[in-house]
Protein chains: 2
Amino acid sequence: MAEETVTGRAVGPWATMKDVAALAGVSLKTVSRVVNNEPTVNEDLVARVRLAATQLHYQPNMSASALRRLDGRSSTIAVLLEDLSNPFSATIYRSVEEVAISRGVVVVGGSFDEDPSRELVLTAAMSRHRVDGFIIAPASRDHGYLAREQRAGTPFVFVDRPPVNLEADSVLSDSRDGVTRATRHLLRFGHRRISFLGDLTTIYTSEERVNGFRDAMREANVTVDPRLVHLDLRTAPAAERVVGHLLDSADPPSAIFAGQNLVLMGALRAIRSRHLQHRVAIVGFDDLIMADLLEPAVTVVAQNPERIAREAATMLFRRLDGDTSPVRRVVVESQLVIRGSGEIPAPGDR
Amino acid sequence: MAEETVTGRAVGPWATMKDVAALAGVSLKTVSRVVNNEPTVNEDLVARVRLAATQLHYQPNMSASALRRLDGRSSTIAVLLEDLSNPFSATIYRSVEEVAISRGVVVVGGSFDEDPSRELVLTAAMSRHRVDGFIIAPASRDHGYLAREQRAGTPFVFVDRPPVNLEADSVLSDSRDGVTRATRHLLRFGHRRISFLGDLTTIYTSEERVNGFRDAMREANVTVDPRLVHLDLRTAPAAERVVGHLLDSADPPSAIFAGQNLVLMGALRAIRSRHLQHRVAIVGFDDLIMADLLEPAVTVVAQNPERIAREAATMLFRRLDGDTSPVRRVVVESQLVIRGSGEIPAPGDR
DNA sequence: ATTGTCTGAGACAACGTTGTCCAGAAGGGG
DNA sequence: CCCCTTCTGGACAACGTTGTCTCAGACAAT
């Protein structure tokens, strides 16, 4: 055991292949072969090496391994999302982890918080660690800077947002269509004054969602009152304030579409504090835990983060396994979950 | 740029220190010094090296760096929790990430799902990657097997659950006390038939929570009806079923303490479906997003995952910075958040 | 018995970096 | 002017592993 080496390094009791080889009475290279399950080793030797390895609690050093291997693989992938503490990102992370662990790959996570400079910092850090691949929901709107790394052989799979200035696989939700369908749903209940509340317009999905809303309104020949459209809302309190003003105004909306989780919560608070929850219809984007427990239960457009993640992970690993087929864009359907709050009819309506 | 090396390896366009040195017209070692911000380099050379590095988009190879460094540091820490997709774990992960990124350290995450064998698999994987430290909420109840790694110099900080058979720092919630206080709260509203619903008894915190409940009941001289205590509930549907039976029974509880998130949700569903939400008091452990939007809003014992994570991360990094002071156990207070559901008086009560 | 083929194990170099050591330049004092 | 010290940069080895090559030995065919 290499308690102390020539250089005087106090590495602690990490056994190396050399130690295992010495104990098993074989050459270092034979240990390497056994560790990598190469089939050309005599089974007696395999057994001896295995025994020595367990006795010494040998754990291969992945840094050394990654350094020396021809493919440079580190058995590590990066999953970089908006915010690992929000349920959507967390579910994606977790589902990717599931696929990764089954392949002996560990997952390095990071949160961008919609900050493009953080995206740069984190992707660079991951590059330094030579992760084998990326699953990324970018904050920036230009991903050309990743081309270099991509050419170096690192695959990228974009989730939730498409790559810009980069040819890469992506797995997206049908946000636009999802919102269109939800808006049609509200229109069907007689609503004409529908308020749309959206997240940062810099975010791709956020843009898609407003567009989906406008699509449905145009299709139904309902003009959108610009006073009812509020974008760049990021927090529940901000949304609560805005919705409060809307509801207190002379010509309030009869229905609200909340384009994001926190915005939905703020809107719900504003509605409830005015006891309007059975009068004003509301539909949200992204499912909320406990949405079914509210009174009325909340109708939402639910995305499918598990499926997005599974698709993305399989695509990534396929690429790592050598798939060189053309870039793919997979769209995962979102689903309108009808629970009550979106089925409140407009005042004059039947 | 090493497009192709002697061995014929297609490494892609990763520039190495050698390439940078060649372009800058200095020796390899000088590049290393510049990259590591060693102060003994002439500033002209520094500038030249920096320029060459950016021109080549040089990113140091952390695998090589970790391999060669005396301390073997990989600038990586592992955060291994129950389930990264549940809000408690996700918040901890995210808060640790925040501290880590400020130190240029990346975070590898993993979920145990309360499966001790998965704990073994994941910790071993992290060992192979030679992570610099661990923040861990273990699934197993014996952590002696980590001693070897600890002796190798890797610090461990346990969160949410204390280390067993291992001397290591820990950051815990005052679960037991929190539950005791919540139970007293229910007792104060006249409740005597209080039902306790708990998670897997193998989980440390789960055990603590029942104990906290029994403490308060004993203190108040109220005997606990064993039919009202249900443990090993893991899912919302299971909890819903159990609470359904309780409520439909001849002698139902007047108050319920739900020892965990999903259990709370199941209990709430059972109560609501019987329209008893204004009759049966309920208090949960762990805050729920939107708990304030329910009718009545849900009283909970809220933990403080951000603080737990921040404490744990600072402890870990202090250890990495050489702190050799005795092992510490930090307790982060939980807080009873009064919202309404826990303040429903018992039937016969004032 | 000799040669040729094949299998499996070991010697050796190399991956990209950092620690150690040394040499040459620069600077100061006698 | 020379010697000694200080500072800076470079040569070299080493980290733990894997790829390549070689060689010993087993075995079959002549």
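What you see below is based on every heavy atom in this structure, not just the backbone, and it leaves out hydrogens, waters and symmetry mates. Note on naming: letters A, B, ... go to the chains in the order of the sequence lines (proteins, then strands), and numbering restarts at 1 for each one.
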So which one's nearest nucleotide on DNA chain D is more toward 5', M62(A) or G25(B)? G25(B)
Residue-phosphate contact under 4.0 Å: N36(A) side-chain N/O, dT18(D) OP1/OP2: yes
Do H143(A) and F158(A) have their ring centres less than 6.0 Å from each other? yes
The side chain of P60(B) is closest to which nucleotide in this list: dT17(C), dG19(D), dC15(D)? dT17(C)
5′-ward residue of the pair V41(A)/V31(B) relative to DNA chain C: V41(A)
Within the structure shown, what part of the strands sits under 4.0 Å from V35(A) by heavy-atom distance: base, sugar-phosphate, or nothing? nothing
Over how many whole Å does the gap from R69(A) atom CZ to dG16(C) atom C1' extend? 17 Å
Just call it for L45(B): base, sugar-phosphate, or nothing, with non-hydrogen atoms closer than 4.0 Å on any strand. sugar-phosphate
Compare side-chain N and O positions of S27(B) against OP1 and OP2 of dG10(D) and report whether any pair is under 4.0 Å apart. yes
Under 4.0 Å, counting only non-hydrogen atoms across every strand here, what does T40(B) touch: a base, just sugar-phosphate, or nothing? sugar-phosphate
Between K29(A) (NZ) and dC23(D) (P), how many Å, whole number? 18 Å
Considering every strand and a 4.0 Å limit on heavy-atom distances, what is the contact class for S32(A): base, sugar-phosphate, or nothing? base
